[in-house]
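Residue numbers begin at 1 in each chain, while the letters A, B, ... track the order of the sequences. Since we're looking at a predicted model, the values are computed, not measured.
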Protein chains: 2
Amino acid sequence: MKNDKKKPADLSAQIAAQIRDAIVSGALIVDERLPSEAELSEQFSVSRPTVREALKRLAAQSLIRTQRGATGGAFVNRLSFEDAYPQQITTSTLLLSMNAVSFDTACEARYALERACAPLAAGRRSADHLATMRAEIHRQGQPGLTDEAFCASDVAFHRALVDAAGNPVLSYQLAGAVEAMQPLMNMITFTARDRAQIIARHTGIADALEEGNAVRADAELDALASYTAELAKDLLAKRPKASR
Amino acid sequence: MKNDKKKPADLSAQIAAQIRDAIVSGALIVDERLPSEAELSEQFSVSRPTVREALKRLAAQSLIRTQRGATGGAFVNRLSFEDAYPQQITTSTLLLSMNAVSFDTACEARYALERACAPLAAGRRSADHLATMRAEIHRQGQPGLTDEAFCASDVAFHRALVDAAGNPVLSYQLAGAVEAMQPLMNMITFTARDRAQIIARHTGIADALEEGNAVRADAELDALASYTAELAKDLLAKRPKASR
DNA sequence: CATTTTTCATTTGTCTTACATTTTAATGTC
DNA sequence: GACATTAAAATGTAAGACAAATGAAAAATG
């Protein structure tokens, strides 16, 4: 075996880890100001560029924000769902594209998660969410839509479905799963018949949510999942390389 | 309104964004070497420290790794699920603790997601996963266990449940939701009767998975979710501050 | 010739110093 | 008192230097 896990990290990584721990543990609270870069470099006995590299690492994770000027400095950031979304999506997308995750696996995860949302959404969907879903369904039915645009609309529809569950934690978790699927979905060439089938399922889901029918919503989602799996199977039969 | 979204970012943030885009879009592929810091600083017409700050940002997201020496440099990293786990957990934990997410909301999300895994786990659970779950159940029954240790074992049990679904994408997404709950769960003081109830549900879940009974697994999870919600309600009645 | 050792060039890691820019607060003037 | 000016503090950026690591080429050795 190697050193197992002990390779002394860079100074900037060590410092970043220390500050990160302080934030996670609650020793540093939201909106609290960190010492200035000059003070930090003294405390840690390193140069200012090294401190700055550490701070940039934390900024990349939205853990801190910096402000210039006399009362400026680095402040502990209130990590918002809004901030976390894009990172989550980037990470999920790369995980899928870099790890040869099969279309089936990604699809299975996505629909499993969405079906978890369906019963909640049936009970809580707002008029706003329904309107968004209807609008996307309408867009999906327009002729001349490219496959990419169709997939983008598909993502928007499913995000509205997830958001309809009214649980920000779920929305955050699923944003990654749903958005990261798009590059994979884009590989599919949708025939007019494919689109009609998908739109029928989407309509069924929207109808089910509108009438607060969790059972039907689940059934419609199940049908959509099966149909998507079928499309993927056809795709692999014709272009076996596409899964890699 | 403000400038909406247009505040010119730091140079290091701009450069990091450009390189990140190149990675996400596939223009830079896994294990490809980036130009040296000196070359990058020329290309972007900035100083080397600025380039380094940009690279550290990317390193913080595990998008690149750096190596010293003659053939060293910055390389596009193959983002692994293993790398992404800790970040996902850190982010989820902070999201919950910094956004006053109620225990109910977090709990609802967690159980909704786990119930999505249950049917898959019923079909695929390995002997290994079952053994882990049984071991954690046994640990939970030992007297003298602190509440923290009980919660930690609870997390381990639920992670085994999620992993039993055999879908790495699901495991990744749920790791955040499950682990991030622990600080919230730790606020609960479990009586002996509470623990017995929870252990009974855990045993029921393990039994259901062992016999491949998805319906029963779902029912047991539902019962556990209800019981947890009840505990939380009692908690709030006694210590109303605990939800903030 | 084969093998080992040495040297060396390349690249990241870190430090030092300096200056530019931004922002607030204090100061001074009318 | 209101407004313009100045000063101070902090981050953002630049430039140059040296240390340390690393692999490859060159040299020495048997």
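- Between the P atom of D/dA10 and the CG atom of B/D10 lies a distance of 18 Å, rounded to the nearest Å.
- A salt bridge links B/R110 to B/D154: at least one charged side-chain nitrogen sits closer than 4.0 Å to a carboxylate oxygen.
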Output one line per pair: protein atom, nucleotide atom from nucleotides 16-21 of chain C, and distance, for all N/O pairs under 3.5 Å.
unit_1	atom_1	unit_2	atom_2	d
C/dT21	O3'	A/R68	NH2	3.3

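- Salt-bridge check for B/R68 with B/E37: failed, with every basic side-chain N at 4.0 Å or more from each acidic carboxylate O.
- By the neighbour-count criterion of 12 heavy atoms within 6.0 Å, atom CD of A/E42 is sparsely surrounded, having that number or fewer from other residues, nucleotides or ligands.
- Nucleotides of DNA chain C nearest to A/S45 and A/A70 differ in position, and the one nearer the 5' end is that of A/S45.
- Looking at A/R20 and B/T90, their side chains never bring a donor and an acceptor atom within 3.5 Å of each other.
- In this structure, of C/dT12, D/dA14, C/dT14, it is D/dA14 that holds the atom nearest to the side chain of B/T50.
- Between the side chains of B/T93 and B/E179, no donor N or O sits under 3.5 Å from an acceptor N or O.
- There is no side-chain donor-acceptor pair under 3.5 Å between B/S80 and B/Y85.
- If you check residues 11-18 of chain A against DNA chain C, the residues with a heavy atom closer than 4.0 Å are A/L11, listed by number.
- In this structure, the CD1 atom of A/I64 is 12 Å from the C1' atom of D/dT11, given to the nearest Å.
- Regarding B/E39, its CD atom lies at a distance of 14 Å from the C1' atom of C/dA9, rounded to whole Å.
- For DNA chain C, no neighbouring residue in residues 52-59 of chain A is found when judged by any heavy atom under 4.0 Å.
- Under a 4.0 Å N-O distance rule, the pair B/E53/B/K56 does not qualify as a salt bridge.
- Residue contacts for B/R33: at a heavy-atom cut-off of 4.0 Å it reaches the sugar-phosphate backbone alone, with no base atom in range.
- The interatomic distance linking B/F75 (CZ) with D/dG23 (C1') rounds to 12 Å, in whole Å.
- No hydrogens or angles considered: nothing links the side chains of A/T105 and B/N167 as a donor-acceptor pair under 3.5 Å.
- Atom CD in B/E37 sits about 14 Å away from atom C1' in D/dA20, given to the nearest Å.
- Between A/T66 and D/dG12 there is a side-chain polar atom (N or O) within less than 4.0 angstrom of OP1 or OP2.
- The separation between A/L34 atom CG and D/dA9 atom C1' is 17 Å, rounded to whole Å.
- A donor atom on one side chain and an acceptor atom on the other are found under 3.5 Å apart for B/Q88 and A/Q173.
- Atoms OG and CZ, from B/S153 and B/R139 in turn, are 5.5 Å apart once rounded to the nearest 0.5 Å.
- Looking only at atom types and distance, the side chain of B/Y111 has a donor-acceptor partner in the side chain of B/T228 under 3.5 Å away.
- In this structure, B/Q67 atom CD and C/dT10 atom P are separated by 18 Å, rounded to whole Å.
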